[in-house]
Amino acid sequence: DGSCGLGLPAQVLMSEGSNRLLDYCDSVAIRGDTALLGSTGQDEDGRWGYAVVFRRVDGVWMEEARLFGDRHYDPNCFGYSVALGDDIAVVGDYCGIGVFPDYGSVHVFERTAGEWRYTDKVSSGIVGFGYSVAVSDRTILVGSLYEGSDQSSRGTAYVYTNSGGRLREAAKLEPDEDRPGGWADQ
């Protein structure tokens with residue numbers, strides 16, 4: 001039904017000031033009393049692709065912020081994948097610019113003094129980059145559907161460190177061609 005729920009008893013999370021449910025709850029993440037919901041759908045203002053931060057206060061989930069990428073037209077895969085750390089949110093946009101081939105990107109937001117701000121974006125010439133994301137402390141893991149622009153290749157993961165709000169590639173994890181199903185750190 002397009003709704004996303006958190007908490008016990010279940011609470012349906014809706015946009016603040018609206019009775020409209022989030023379009024397509026494509027991805028969810030939770031850390032303590034903060035939840036992040038990603039949607040590739042359209043918000044009330046007609047913008048495509050967004051993520052909503054909810055904060056639990058006195059047992060009630062309340063909208064804290066809306067996070068957007070740098071484009072708002074369809075097709076948009078911003079919000080397809082999300083990850084949440086301590087005061088850091090990572091949002092994947094694996095569709096890129098919506099043309100073939102689709103080169104993706106990853107967007108980073110940080111919370112300082114209760115305010116979420118856009119701090120960095122990593123784009124690549126990799127098809128499906130940002131299809132999956134994870135974060136631990138200041139380390140971000142980004143999954144891609146393929147390696148480079150070759151859609152016949154296997155997926156790859158990229159490890160980034162976040163230093164001062166800027167992402168730096170630290171490692172590339174890819175399948176080990178010599179071992180079926182194996183992975184190698186490059």
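In this text, all values refer to a predicted model and were calculated from it rather than measured experimentally.
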Could you measure the distance from the [atom1] atom of [X] to the [atom2] atom of [Y]? Nearest 0.5 Å is fine.
{"X": "Glu63", "Y": "Phe54", "atom1": "CD", "atom2": "CZ", "answer": "5.0 Å"}
{"X": "Tyr158", "Y": "Lys172", "atom1": "OH", "atom2": "NZ", "answer": "4.5 Å"}
{"X": "Ser132", "Y": "Leu141", "atom1": "OG", "atom2": "CG", "answer": "7.0 Å"}
{"X": "Arg138", "Y": "Ile140", "atom1": "CZ", "atom2": "CD1", "answer": "7.5 Å"}
{"X": "Gln42", "Y": "Arg47", "atom1": "CD", "atom2": "CZ", "answer": "10.5 Å"}
{"X": "Arg66", "Y": "Ser39", "atom1": "CZ", "atom2": "OG", "answer": "9.0 Å"}

Tell me, please, which residues at least two apart from [X] pass side-chain contact (heavy atoms from CB on, under 4.5 Å).
{"X": "Ser124", "result": "Ile126, Phe129"}
{"X": "Thr161", "result": "Arg168, Ala170"}
{"X": "Tyr131", "result": "Tyr80, Tyr94, Leu145"}
{"X": "Ala89", "result": "Leu36, Leu67, Leu84, Phe109, Trp116"}

Check whether [X] reaches the backbone of [Y] with its side chain - one donor and one acceptor, N or O, closer than 3.5 Å.
{"X": "Asp26", "Y": "Thr40", "result": "yes"}
{"X": "Ser144", "Y": "Thr156", "result": "yes"}
{"X": "Thr119", "Y": "Val108", "result": "yes"}
{"X": "Ser27", "Y": "Gly79", "result": "yes"}

**Message:** Which residues pass the salt bridge (Lys or Arg N to Asp or Glu O under 4.0 Å) test with Arg31, not counting sequence neighbours?
**Reply:**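 For Arg31 the salt bridge (Lys or Arg N to Asp or Glu O under 4.0 Å) partners, ignoring immediate neighbours, are Asp86.
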
**Item:** Arg55: partners by salt bridge (Lys or Arg N to Asp or Glu O under 4.0 Å), with sequence neighbours left out
**Value:**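 For Arg55, the residues satisfying salt bridge (Lys or Arg N to Asp or Glu O under 4.0 Å) (neighbours in sequence not counted) are Glu64.
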
**Asked** Are Thr139 and Tyr160 side-chain neighbours, meaning at least one heavy-atom pair lies under 4.5 Å?
**Response**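 A side-chain contact under 4.5 Å is absent here.
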
**Asked** Are any non-hydrogen side-chain atoms of Asp93 and His107 less than 4.5 angstrom apart?
**Response**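 Asp93 reaches His107 side chain to side chain.
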
**Asked** Does the pair Val106 and Val90 meet the rule for a side-chain contact (heavy atoms from CB on, under 4.5 Å), with working shown?
**Response** CA-CA 7 Å; Val106 171; Val90 180; 3.4 Å; yes

**Request:** Please report the shortest heavy-atom distance between Gly130 and Ser81, naming the atom on each side.
**Result:**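 Closest pair (atom of Gly130, atom of Ser81, distance): O-OG, 2.7 Å.
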
**Item:** Shortest non-hydrogen separation from Ala51 to Val91 and the atoms involved
**Value:**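 Distance-wise, the nearest heavy atoms are CB-CG2, 4.1 Å.
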
